[in-house]
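Please read the structure below before turning to the comments.
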Amino acid sequence: MSAAAAAAAVPGRRAKAAIHWFRKGLRLHDNPALLRACEAAAVYPVFVIDPWFVSEERVGVNRMRFLLETLEDLDAALRARSSKLSVLRGRPEEVLPRAAAHWGADLLTFEADFEPYALQRDEAVRSLLAERGVRVESFVSHSLYDPRGVAAAGPGGKPPLSYGPFVKLLRGIGPPPRPARDPPAAMPSEGWKPAPAALTFTDNATTASGTGDGASSLPASGEPASAAHGDRLAEARIPSLADLGYAPPEHAPLFPGGEQEGLRRMAAKLSRGDWVRAFAKPKTSPTAVGEPDTTGLSPYLKFGCVSSRRFWHELAAVNAGGPHGSPPTSLEGQLLWREFYICHGFSFPNYDRMAGNPVCRQIAWQDDPELLRRWEEGTTGFPWIDACMRQLRAQGWLHHLGRHAVACFLTRGDLYQSWERGARVFDRLLVDSDWALNNGNWMWLSASAYFFQFFRVYSPVAFPKHTDPDGDYVRRWVPELANFPKAYIYEPWKASKQNQRKWGCEIGSDYPEPIVDHVAVSKLNMARHKAAYEAHKAPGPPRDVPVGDSPGAFQVGSAPRAPKRARGDGDEGDAAAPGGSGEERDGASAAKRAKPASP
DNA sequence: TTCTCAGTTGGCGCA
DNA sequence: CTGCGCCAACTGAGA
Ligand SMILES: Cc1cc2nc3c(=O)[nH]c(=O)nc-3n(C[C@H](O)[C@H](O)[C@H](O)COP(=O)(O)OP(=O)(O)OC[C@H]3O[C@@H](n4cnc5c(N)ncnc54)[C@H](O)[C@@H]3O)c2cc1C
């Protein structure tokens with residue numbers, strides 16, 4: 001392969017054929033890696049679907065739908081520039097070398113991805129292609145800054161553990177780079193040929209191989225794809241949800257996928273200058289029904305349908321229009337939180353678990369699959385918590401404070417289950433699931449990192465009343481309770497049996513009793529956390545806390561009608577719970593690939 | 001080394 | 001409805 005190696009594209013020299021590998025960064029704007037590929041005589045944009053991710057167990061229907069819609073949108077945008085998207089099927093390490101050989105590519109470009117799973121995958125691809133004489137180039141365009149540079153600028157080569165100093169560090173670096181220019185109106189396609197049929201998704205009705213690859217062609221610039229290609233049904237195409245074995249979604253998407261949708265949403269939000277400048281995150285409402293009270297850009301930023309740099313610069317222009325808030329609560333502050341977690345996920349090992357994670361407190365979480373299941377399914381008996389979990393399941397999205405509420409409830413607040421379990425559920429269900437953001441925020445909420453005031457616990461009853469005293473959000477997502485008046489909407493178990501019947505929902509049969517006595521259990525959990533922190537100061541393996549080993553502890557301050565069940569299944573009293581001593585994590589192999597970066 | 005201070009977004013009772 | 005102090009007290013950063 002030395003001849004091929006000699007033919008590899010070199011920096012600055014024009015490549016013969018370049019593959020641009022889309023993973024995140026699913027956009028044409030601000031895409032430096034795509035621009036680089038466009039310097040070649042022909043560019044082949046591809047997306048690789050690794051079947052490993054294709055399962056509702058790993059990537060829920062909302063996120064998979066978002067991805068497929070995004071790929072459709074990307075393909076349409078490429079076709080308008082005389083190109084098209086080839087969606088390939090298989091492991092990137094196998095598919096990309098074959099595709100490169102097929103197309104005679106001497107250059108592969110992609111957007112850098114700093115998640116551990118992606119780094120490992122990309123390094124494997126890079127070395128495989130290097131052996132075949134294909135040069136690989138990556139470009140930073142997902143985050144505002146190159147996380148390597150940010151980390152290097154921090155004390156000891158690590159980013160600060162607190163947000164304030166982190167932002168100060170960024171300010172010292174200066175504003176993020178300006179977005180790259182758009183790709184050319186007609187993307188290069190010298191000697192273009194279609195993707196290898198064996199690697200693509202094709203219609204079953206006819207076969208692509210009949211007349212060979214030559215059957216396919218590229219659209220002329222601006223030519224509508226469907227009209228131009230109606231005669232080529234067997235052409236490689238973007239799979240549907242059904243192709244991938246997903247059941248039809250039960251709910252319309254809250255966020256339709258795609259660059260166009262993302263840019264449209266960003267423009268709509270930024271056009272409200274006063275709203276943008278007055279944005280204060282803690283004051284936004286988690287109980288909105290319908291359009292979120294925040295930007296709703298998270299899935300677009302996660303998949304890179306919208307460039308964070310473009311968002312930042314357009315936001316800066318809006319902020320220039322008058323007095324505005326500042327981080328951490330401002331809209332810019334939100335983007336910097338994203339930066340914070342991305343940088344931390346890159347800088348610290350084992351960021352997605354407690355064991356071996358240098359920023360994470362070691363805590364002897366309980367392990368009760370039944371409690372986890374009820375939380376996940378939205379049947380805890382706390383209407384606010386259940387409404388949030390049901391919105392999450394239905395739409396794949398929750399307001400930030402809704403995420404706070406359910407994450408606190410599952411972990412340090414009430415159920416005392418590991419944040420890792422919660423993060424795994426979120427990762428499956430969220431349309432915007434992002435490895436670093438998800439794990440980092442779960443550590444925050446569980447008071448495992450960044451935030452340590454564990455005595456501040458969200459009440460599953462009182463908290464939602466701030467923004468929704470009438471309980472309309474609960475009625476939307478927990479229809480069993482639709483007829484309950486506001487006085488009982490967050491505590492339906494307090495209504496008399498007679499009223500429960502009258503309002504059409506008997507607690508205990510039509511809707512569950514509360515899963516725990518919140519007041520009692522949150523006190524116990526505070527004591528547990530306090531002990532865990534003390535153990536942290538005087539190192540040793542994490543132990544469960546002998547607090548609350550007396551069942552009596554549960555009756556302290558018990559809520560009216562605290563369900564008998566609350567004590568029974570509430571994990572309490574087992575002071576001898578196995579301390580997650582650390583190293584015996586489940587599935588070391590799962591840890592290696594535990595990452596839906598692309599899907 | 002030791003201290004001080006600030007920290008996105010708690011709940012509650014009270015004025 | 002809003003603001004305030006209390007609860008009991010955590011951390012990382014920086015002086
Ligand atoms: C337990 C938990 C898990 C989370 N998991 C994810 C996740 O997997 N993916 C994800 O995008 N966000 C996650 N978040 C952060 C946050 O809740 C969402 O980013 C936000 O609710 C998305 O809505 P938005 O785009 O309207 O936010 P906006 O308030 O409009 O913010 C704009 C953008 O800033 C970024 N941002 C905002 N808040 C945060 C934050 N706390 N941390 C990091 N970035 C932030 C996001 O990219 C967001 O789209 C999580 C939060 C919690 C508490």
Side-chain angles (χ1 to χ4, degrees), chain A residues 153-156 158-169 171-172 278-288 292-295 324-341 344 347-348 358-363 382 384-385 388 398-409 411-414 437 440-470 490-491 517-538 547 556-557 559:
Chain A
K158 297 284 175 193
L161 294 168
S162 302
Y163 180 83
F166 178 83
V167 171
K168 207 187 251 177
L169 192 67
R171 298 300 192 216
F279 187 94
K281 186 64 165 278
K283 292 196 177 125
T284 59
S285 170
T287 49
D293 201 27
T294 49
T295 66
H324 56 84
S326 45
T329 55
S330 66
L331 199 44
E332 188 211 4
Q334 305 314 298
L335 226 30
L336 301 188
W337 280 111
R338 175 176 181 269
E339 208 67 17
F340 178 82
Y341 290 116
H344 277 219
S347 301
F348 300 110
V359 303
C360 184
R361 283 286 186 280
Q362 303 299 303
I363 288 161
F382 286 96
W384 158 239
I385 299 300
C388 286
L398 259 190
H399 182 275
H400 186 56
L401 294 177
R403 301 183 198 202
H404 272 226
V406 300
C408 181
F409 188 89
T411 59
R412 67 184 168 87
D414 296 84
L437 275 56
N441 276 284
W442 270 97
M443 284 190 268
W444 179 292
L445 260 296
S446 61
S448 297
Y450 311 122
F451 169 90
F452 301 96
Q453 290 161 286
F454 56 79
F455 38 86
R456 294 189 181 173
V457 171
Y458 288 99
S459 162
V461 170
F463 185 73
K465 293 181 182 171
H466 293 135
T467 52
D468 190 12
D470 294 338
Y490 294 117
E491 302 170 280
D517 173 350
H518 169 73
V519 172
V521 88
S522 60
K523 279 183 186 150
L524 169 70
N525 291 341
M526 282 183 222
R528 288 185 157 134
H529 246 54
K530 186 173 158 57
Y533 280 17
E534 271 157 17
H536 170 74
K537 281 182 248 173
V547 177
V556 178

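All figures in this text were calculated on a predicted structure; none of them were measured in a lab. As a basis for the values below, the full set of heavy atoms in this structure was taken, side chains included, without hydrogen atoms, waters or symmetry mates. So that the names make sense, note that chain A is the first sequence line, chain B the second, and so on, each numbered from 1.
- Going from atom CZ of A:Phe454 over to atom C1' of B:dG10 covers 14 Å, rounded to whole Å.
- Nearest-nucleotide mapping onto DNA chain C: of A:Tyr533 and A:Pro469, the residue sitting toward the 5' end is A:Pro469.
- Considering only heavy atoms from C-beta on, A:Pro460 stays 4.5 Å or farther from A:Tyr490 through its side chain.
- When the P atom is used for both C:dG14 and B:dT8, the distance is 14 Å, rounded to whole Å.
- A sub-4.0 Å separation between OP1 or OP2 of C:dT11 and a side-chain N or O of A:Arg361 is present.
- For the C1' atoms, the distance linking B:dT1 with C:dA13 amounts to 15 Å, nearest Å.
- Between A:Phe279 and A:His324 the shortest side-chain heavy-atom distance does not fall below 4.5 Å.
- Taking atom OH of residue A:Tyr490 and atom P of nucleotide B:dG11, one finds them 12 Å apart after rounding to whole Å.
- Side chains of A:His344 and A:Pro159 form a contact here, defined as non-hydrogen atoms less than 4.5 Å apart.
- Between the CG atom in A:Asp414 and the CD1 atom in A:Ile385 there is a gap of 7.0 Å [rounded to 0.5 Å].
- At a threshold of 4.5 Å between non-hydrogen side-chain atoms, the residues A:Thr411 and A:Trp442 count as touching.
- Listed by residue number, there are no residues of residues 458-466 of chain A with a heavy-atom contact under 4.0 Å to DNA chain C.
- Nucleotide B:dG11 holds its P atom 16 Å from the CG atom of A:Asn525, rounded to whole Å.
- To the nearest 0.5 angstrom, A:Thr467 atom OG1 is 14.0 Å from A:Lys283 atom NZ.
- With both ends at atom P, the span from B:dC3 to C:dA8 equals 23 Å, rounded to whole Å.
- A:Lys281 has its NZ atom 13 Å from the P atom of B:dT8, to the nearest Å.
- Following rounding to the nearest Å, A:Leu335 (CG) and B:dT8 (C1') show an atom-to-atom distance of 15 Å.
- Between A:Glu332 and A:Arg171 a salt bridge is recorded (basic side-chain N to carboxylate O distance below 4.0 Å).
- Aromatic ring centres of A:Phe455 and A:His529 lie farther apart than the 6.0 Å criterion allows.
- The distance from the CZ atom of A:Phe382 to the NE2 atom of A:His518 is 7.0 Å, given to the nearest 0.5 Å.
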Can you name the atoms? Protein N/O to nucleotides 13-15 of chain C N/O, anything below 3.5 Å, with the distance.
residue	atom	partner	partner atom	Å
C:dA13	OP1	A:Leu161	N	2.8

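- Across all their heavy atoms, A:Pro328 and A:Tyr163 have their closest contact at CB-CE2, 3.3 Å.
- The shortest distance between side-chain heavy atoms of A:Phe340 and A:Val167 does not fall below 4.5 Å.
- Note: A:Phe451 and A:Trp444 have parallel aromatic rings, judged against thresholds of 30 and 60 degrees for the angle between ring planes.
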Per-nucleotide protein contact string for nucleotides 2-8 of chain C (B base, S sugar-phosphate only, - none; heavy atom under 4.0 Å): -------
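- A donor-acceptor pair is defined here as one N or O able to donate and one able to accept, closer than 3.5 Å; no such pair exists between the side chain of A:Asp468 and the backbone of A:Pro464.
- In this entry the distance linking CE of A:Met526 with C1' of C:dA9 reads 12 Å, nearest Å.
- Taking the side chain as every heavy atom from C-beta outward, A:Arg412 and A:Val457 approach each other to under 4.5 Å.
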Please list each protein N or O that sits under 3.5 Å from an N or O in nucleotides 2-7 of chain B, with the distance.
none

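- Rounded to an integer number of Å, the gap from A:Ile363 CD1 to C:dC10 P is 14 Å.
- Stem analysis of DNA chain B (at least three stacked-register Watson-Crick or G-U pairs, each with both distances under 3.5 Å) gives B:2-7 with C:10-15, B:10-15 with C:2-7.
- A donor-acceptor contact shorter than 3.5 Å links the side chain of A:Ser459 to the backbone of A:Val461.
- One interatomic measurement links the two molecules: CZ of A:Phe409 to P of B:dG10, which rounds to 18 Å at whole-angstrom precision.
- B:dC5 and C:dA9 have their C1' atoms separated by 14 Å, with the value rounded to a whole Å.
- Taking the side-chain hydrogen bond (donor to acceptor under 3.5 Å, both in side chains) definition, one finds that A:Arg361 meets it with A:His536, sequence neighbours left out.
- Checked by distance alone, A:His400 brings a side-chain donor or acceptor within 3.5 Å of a matching partner on the base of B:dT9.
- In this structure, NE2 in A:His466 is found 11.0 Å from OG1 in A:Thr287, a value given to the nearest 0.5 Å.
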